[in-house]
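First comes the structure, then the notes that go with it.
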Amino acid sequence: MEISIYSKLTADELKNLHAQLTSRYGAALQDDSRSLEDRRLDKLVSRKVSQDKQEQEIISVREFVKEHLYRQLKELALIIYLAMDKRKDFGVMGEQRVSISFCRNILNIPNNREVTQFDADRFRRVLDECDKRNGNRSGDAYLAYVKDYALELFEKKYPYHSLVDINVLLDLLGAEYYLFSTLGAYAVSFILGSIEKREIEENKAFIILREYVRSPQFVLSIAAEVYKDATMIRQEACEVIFFNKWQKFFDQSKAERKRALHHVNSAIREGLKAKALAWYDAGKTEDVLEVRETFIQEMLDGIFWHEVGHHVSHKDMDPVHHAFRSNIVEGEGVGTVLLEALADWAPARGQSKGAITRFAEIARTDVKRATRDLYVYMSDNWFVDEDEEFMSLMSNVLVGLAVYFINPDGSVDFARLNKEKEQIYNFFQKRCKVLLDKLLDIVRHATYEIGIHKVDYKTLEKELYKLYQNTRNARPLEELCKFSSFWVNMVGYLKKFSRAGWEQYQAALNEEAGLLEQMILKVITKGNEDKYKNSLREYIVARSKEIGLIQLLPEVDSAAAVRAACDAMKMPDKIREQVQTRFEEIDKGKNYDISISYDGEKDPFIAVLQEMMLKSGYGDIKSGMLIGEYYNADASAEERKGYIKDELETLRDQLESEMYLEIDILRVNEKYPIRPMVEELLTTVAFFDGRKLAEKIRSVEYTSLDNDALMEVFIPLKRGYMDWNTSQAVWRINQDLRPEDFMLQWTVDKDFLEALIEAYS
């Protein structure tokens, strides 16, 4: 990928250019004793270059810095990934999310294309090359390298924890790109990319239009990040979300859509997407593509106001709570939920506001847009899926409150929402304050056992004060509690040195999570929480059914289906039990990877699969195989005969390799005058042992086919064996279920069995 006008330079050539530009501008740009205005690149260039060449000189410096940062940060990003990979620690997002997102960036894969196995292989080669040039270190050694990392630019070193300071230089250059950097897991995470700037009062927002390079922690499901006085929003993340989630909605197979309706969580997921797209007047994939630009812009708008809402809610906190808040946002717990809810429901403070307040504002002039905004919001905050409870508290709270304002006809009661939104915000403020006070109280009153010594909070506070005096965090003792790094250390001490305190801390978080759901349910049901089994999730399910969001299909009784298949085959009880056990094992996650084989005893499990396929027709187990689909009837007789011979020799080779044992019927298309050629070739195409192909074919029929293929081949079904027919039927079912997932095309797993049993039932 070409990042700059210098992308084709070798490492040595770029190094020489760095030296030249450093001697020309580096000292002045990095001179902190001069004013920022005096250090601006355009002023420096105007003193050294003639007017007609100044613009080109400025572009050259900006492009060099972009290329230099890209190359240095790409190497750092690869090393961070190698540390994750070798330590088998990909954080809460997991290996798949991290790897796919990072692979996209490193290989510059378009946002509207799937990542393939070919891409994965190329990605692995890039990683191996990086590993080799860095000495094939261990994961811990790579992590240590990152923690000791410093990027050098114009003779100034930027340690990993100060990479954000590079933006001072980028501002001096007047660059249209920016480096976003934050500290956390694996020391530092970052994105370098081109930007569009927005500003709301004192808050700056940067929309990253193109991400040149990003560290692996920034998976594409993270659409935004909030900093002290700025917000980063990622357009590429929005584009990938649109492609994977919205554009593909109508392209799902019937079996895939049907399967989702057997599970309440996934049925709500699909229902929310369908409703949102309906408000965009999208009923098919072509319609979704037509509204793509509008959809993404409205998605960006919703994210933007959510992030602005964070700034509003942060300003409403007292300084100590604001400093402590980073200690309640790990993972998907109640602290994260409260802060996200506060951002969504933040009221207008001048021009600033949260996402829900923004939707209510839009509804005054465009109800349709505001309605689809709210449905997209609910969809984006519904994380649970089928039997998975990932971020369930977040889903329950945010979607539960939003669905409360949906009318029975699916419209939104914006008048009521407008009336109650500030009350909801105040409720979340109060719950957040209660939680923070509880946690602060635990930290301040815990006993810390450090070695043989028992110390209290005040002692640790004084020790941290001493520690900070020679660092950038130096500040008066009474001011320490207003800075987040102080509380990060204190909570770290609590976890490490106070077992009882840490247990109290976790118990307080868990207690507030349960209270939060119950209090919300009590308010929105007007005290009728018993009607919903005291469960906010049950309330969401009931409301979803009421507004037509979901229509659950009845659960399929897999045990009954297996019994029915066994009955039809008159299978003995002892063997039935074995078959049922195999089905149960697969249902619990023990996948069965298939391969064609005619060896050994008949397998009753395979026989039952075949029975279900035969009776349901799912997988077309008895279908024929077309050959000769590229026959050219206008070619010369010699060429036509050679083509037919090649096709028949393919059948011979497949028989020779025991992909199937014989051919039941060979139907030859009478559309073509090829009967003499076929009859001759069937007696001349031979196996290694001298037998002719004709000996392996029970019947040859000359008849008209409904297509232009030369022939159709029917292979006899071998009951109880994973034969040719059964393997092809398994492949066809998997193609229907998950056409994009090539790794599972030859697998019988839980999803496969559910789809087959449903068809059989």
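Keep in mind the model is a prediction, meaning the values are calculated, not measured.
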**Asked** On the ring face of Phe102, is Arg214 found with NZ or CZ under 6.0 Å from the centre and within 45° of the axis?
**Response** no
Quiz item: Do the side chain of Ser162 and the main chain of Tyr158 share a donor and acceptor less than 3.5 angstrom apart?
Solution: no
Within the side chain of Glu236, is there an N or O that forms a donor-acceptor pair under 3.5 Å with the backbone of Glu211? yes
Close side-chain approach of Leu36 to Val168, heavy-atom, < 4.5 Å = yes
**Prompt:** Any chance the side chains of Ser352 and His311 put a donor and an acceptor closer than 3.5 Å?
**Reply:** no
Looking at Arg537 and Asn396, would you say the former's side chain and the latter's main chain have a donor-acceptor pair under 3.5 Å? no
Distance col, row Met378:CE vs Ile268:CD1, nearest 0.5 angstrom, shows 10.5 Å
task = May I ask you to check whether Tyr377 and Tyr375 place their ring centres under 6.0 Å from each other?
result = no
* Asked: Thr371 side chain to Val367 main-chain N or O, any donor-acceptor pair under 3.5 Å?
  -> yes
Around atom CD of Glu478, are there more than 12 heavy atoms from other residues, nucleotides or ligands closer than 6.0 Å? yes
* Start with the C-alpha distance between Ile406 and Glu546, add both sets of side-chain angles, then the distance that settles side chain to side chain contact (heavy atoms under 4.5 Å, CB included), and finish with yes or no. => CA-CA 10 Å; Ile406 305 294; Glu546 182 185 342; over 6 Å; no
Exercise for review: May I ask you to test the Leu401-Trp345 pair for a side-chain heavy-atom distance under 4.5 Å?
Suggested key: yes
Asp366 side-chain N/O to Arg369 backbone N/O, donor-acceptor pair under 3.5 Å = yes
Testing the 3.5 Å rule here: is there a donor-acceptor pair between the side chains of His445 and Asp441?
yes
Problem set entry | Any side-chain heavy-atom pair of Thr336 and Met394 under 4.5 Å | yes
Could you go through the ring pair (Phe, Tyr, Trp, His ring centres under 6.0 Å) check for Phe427 and Tyr425 one step at a time? CA-CA 5 Å; Phe427 164 78; Tyr425 177 73; over 10 Å; no
In this structure, CD1 of Ile208 is separated from CD of Glu225 (nearest 0.5 Å) by 10.0 Å
May I ask you to decide whether Glu199 forms a salt bridge with Lys197, counting only side-chain N to carboxylate O separations under 4.0 Å? no
Check: Does NZ or CZ of Arg269 fall inside the cone over Phe383's six-membered ring, less than 6.0 Å from its centre and within 45° of the axis?
Finding: no
When you compare the side chain of Trp305 with that of Asp344, does any pair of heavy atoms fall below 4.5 Å? no
TODO: Taking the six-membered ring for Trp and the full ring for Phe, Tyr or His, determine whether the centres of Phe180 and Phe206 are under 6.0 Å apart.
DONE: yes
With a sphere of 6.0 Å drawn around CD of Gln96, does it hold more than 12 non-hydrogen atoms of other residues, nucleotides or ligands? no
On a heavy-atom basis, the closest approach of Ser215 and Ser189 is OG-CA, 3.2 Å
Looking at Leu179, is its backbone amide N or carbonyl O close enough to the side chain of Asn167 to form a donor-acceptor pair, meaning the two atoms are under 3.5 Å apart? yes
Any donor and acceptor pair, going by atom type alone, linking the side chain of Arg234 with main-chain N or O of Phe218 inside 3.5 Å?
-> yes
Q. Between Arg475 and Phe483, is NZ or CZ placed under 6.0 angstrom from the six-membered ring centre and within 45° of the ring axis?
A. yes
The reported gap from CZ in Arg62 to CG in Leu170 (rounded to nearest 0.5 angstrom) is 10.5 Å
- Inspect the surroundings of NZ in Lys245 and state if more than 12 heavy atoms from other residues, nucleotides or ligands are less than 6.0 Å away. yes
Nearest heavy-atom contact between Cys481 and Ala323 is O-CB, 3.7 Å
Carefully, step by step, assess Arg198 and Glu196 under the rule salt bridge (Lys or Arg N to Asp or Glu O under 4.0 Å).
CA-CA 7 Å; Arg198 294 185 187 177; Glu196 172 193 321; 3.5 Å; yes
Looking only at atom types and distance, does a side-chain atom of Glu307 sit under 3.5 Å from a main-chain N or O of Met232, one as donor and one as acceptor? no
Review point. Is any side-chain heavy atom of Val334 less than 4.5 Å from a side-chain heavy atom of Arg431?
Key: no
Note, Glu176 side chain near Ile195 side chain (heavy atom, < 4.5 Å)
no
Do Ile80 and Tyr160 have side chains that get closer than 4.5 Å, going by heavy atoms? no
- Message: Using 30° and 60° as the class boundaries, would you call the ring planes of Tyr457 and Trp487 parallel, tilted or perpendicular?
- Response: parallel
key: Electrostatic pair Arg416:Asp413 at N-O distance under 4.0 angstrom   = yes
The test is side chain to side chain contact (heavy atoms under 4.5 Å, CB included); show your working for Leu73 and Tyr212 and say whether it passes. CA-CA 10 Å; Leu73 292 173; Tyr212 303 140; over 6 Å; no
I want to know whether Tyr505 and Trp502 have ring centres closer than 6.0 Å. yes
| message | If the threshold is 4.0 Å, N to carboxylate O, is there a salt bridge linking Asp316 and Arg349? | response | yes
Looking only at heavy atoms, the pair that brings Ile296 and Cys238 closest together is CG2-CB, 4.3 Å
message: Under a 3.5 Å distance rule, please check whether Tyr70 uses its side chain to pair with a backbone N or O of Val213 as donor and acceptor.
response: no
To the nearest 0.5 Å, atom CZ of Phe250 lies from atom CG of Asp287 at 7.5 Å
Taken to the nearest 0.5 Å, the spacing of Tyr539 OH from Ile524 CD1 works out to 4.5 Å
Checking Ser101 side chain against Val98 main chain: does a donor-acceptor pair fall under 3.5 Å? no
When rounded to the nearest 0.5 Å, the distance separating CD1 of Ile550 from CZ of Arg543 is 12.0 Å
Practice prompt. State, yes or no, whether a side-chain contact exists between Leu339 and Ser313 at a heavy-atom distance under 4.5 Å.
Written response: no
Closest non-hydrogen contact found for Leu536 with Glu517 is CB-OE1, 3.4 Å
On a heavy-atom basis, the closest approach of Gln429 and Leu342 is N-CD2, 3.5 Å
| field | Over 12 non-hydrogen atoms of neighbours within 6.0 angstrom of NZ in Lys438 | value | yes
- Query: CD of Glu503: more than 12 outside heavy atoms within 6.0 angstrom?
  - Reply: yes
Closest non-hydrogen contact found for Lys66 with Tyr177 is N-OH, 3.3 Å
### Message
side chain to side chain contact (heavy atoms under 4.5 Å, CB included), that's the test. Do Leu509 and Leu439 meet it? Break it down for me.
### Response
CA-CA 8 Å; Leu509 288 168; Leu439 298 177; 4.0 Å; yes
**Q.** Step-by-step side chain to side chain contact (heavy atoms under 4.5 Å, CB included) determination, Trp246 to Arg292
**A.** CA-CA 9 Å; Trp246 301 100; Arg292 175 182 178 277; over 6 Å; no
Does the cation-pi check pass for Lys368 over Trp279, that is, NZ or CZ under 6.0 Å from the six-membered ring centre and within 45° of its axis?
no
Check your understanding: More than 12 foreign heavy atoms under 6.0 Å from NZ of Lys526: is that the case here?
Key -> yes
- Please say whether more than 12 non-hydrogen atoms of neighbouring residues, nucleotides or ligands are located less than 6.0 Å from NZ in Lys315. yes
